[in-house]
Amino acid sequence: MEPQQHDAAPVADRHERAPRRTTKLALALTMVLGAAGVALPTAQAAPATAAVQAAADNPYERGPNPTEQSIEAVRGPYAVSETRVSSLSVTGFGGGTIYYPTTTADGTFGAVAISPGYTADQSSMAWYGPRLASQGFVVFTIDTNSRYDQPGSRGDQLLAALDYLTQRSSVRSRIDSGRLAVMGHSMGGGGSLEAAKERPSLKASIPLTPWNLDKSWREITVPTFIIGADGDSIASVSSHAEPFYESLPSSTDRAYMELNNASHFTPNTSNTEIAKYSISWLKRFVDNDTRYEQFLCPLPRPSLRIEEFRGNCPH
Ligand code: 856
């Protein structure tokens with residue numbers, strides 16, 4: 001199927017592309033002419049803007065400087081397209097939907113595969129697609145081979161989906177294959193822990209009200225952000241999210257957010273706290289974008305929406 005425009009989000013490539021191109025040209029000219037001993041007027045010879053400096057410091061930084069408002073917004077700066085992947089065209093998982101920034105003017109993006117929970121399908125995680133892709137990630141919400149697959153299988157399927165995404169998908173050229181992450185709900189969150197244990201090269205993992213019979217994740221070195229819900233009666237935080245978090249090595253970048261007044265199914269509908277801190281975690285660890293560290297450290301304070309927040313700061 002052809003890529004489709006997903007929504008009417010703000011224009012994609014408005015963040016300083018033209019100025020940056022101009023300053024890069026000026027920089028090249030300055031270096032060439034400078035080496036040749038040619039003097040230039042000051043305006044052209046001084047390209048060291050904040051944007052140029054930032055791009056030099058971190059080649060994976062995407063989008064404008066973030067604000068509290070920009071990470072809470074229902075859509076980020078990138079217009080989003082989507083393409084469906086049939087289960088018949090893949091092996092190792094059940095197909096899904098890829099959401100991606102429409103523009104090709106900002107280089108490649110990191111990518112995240114997202115698994116649903118027991119008995120659920122990709123539709124239960126659909127809100128993450130445009131929400132995260134519009135911030136500058138390729139997002140793959142997947143179906144599992146069977147709705148009854150257990151966490152170990154869901155972990156394998158997340159990794160198969162990432163391999164498909166970077167090696168065979170129609171958007172593979174848009175992705176930086178070295179900057180990948182996993183997310184998942186419930187047994188899919190348990191699967192995110194399994195995937196991070198199995199593939200330490202992942203840059204981030206975000207288990208959402210995770211469920212797993214294995215309580216010890218001391219082998220994980222992937223930066224992991226676990227989100228629990230205080231009212232979860234299917235995967236109680238005392239038996240799942242909290243021990244999972246506490247078992248992560250303190251040498252691993254890790255965080256735990258417990259949502260207040262929330263249930264096992266809170267991650268299935270649009271949620272500002274889940275979005276803003278997930279975006280920050282992905283930006284910080286998939287893009288190495290330290291502009292987002294301010295939203296993670298010092299640790300967010302408890303509020304009407306947040307029961308508690310734990311973590312290792314600074315990262
Ligand atoms: C639904 C995980 C004994 O385990 C359970 O009862 C159980 C139930 C549900 C889930 C889950 O993945 O929920 C998400 O889409 C474990």
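Counting starts at 1 for both ligands and their atoms, in listed order.
- Sorted by first then second residue, the salt bridge (charged side-chain N to carboxylate O under 4.0 Å, His left out) pairs that include residues 110-123, not counting sequence neighbours, are Asp121-Arg147.
- Taking a heavy-atom cut-off of under 4.0 Å, ligand 1 is surrounded by Gly117, Tyr118, Ala120, His185, Ser186, Met187, Trp211, Ile234, His264, Phe265.
- Contact between Arg179 and Lys203 at its shortest, heavy atoms only, is CA-CG, 3.8 Å.
- For the residue pair Glu194 / Asn212, a side-chain donor-acceptor distance below 3.5 Å is found, with atom types taken as modelled.
- Evaluation of the salt bridge (charged side-chain N to carboxylate O under 4.0 Å, His left out) test over residues 153-174, restricted to residues two or more places apart or in two chains, returns Asp163-Arg199.
- The two residues Phe244 and Asp214 make their nearest non-hydrogen contact at CE2-O, 3.3 Å.
- For Tyr128, the ring-ring contact (aromatic ring centres under 6.0 Å, His included) test picks out no residue, with sequence neighbours left out.
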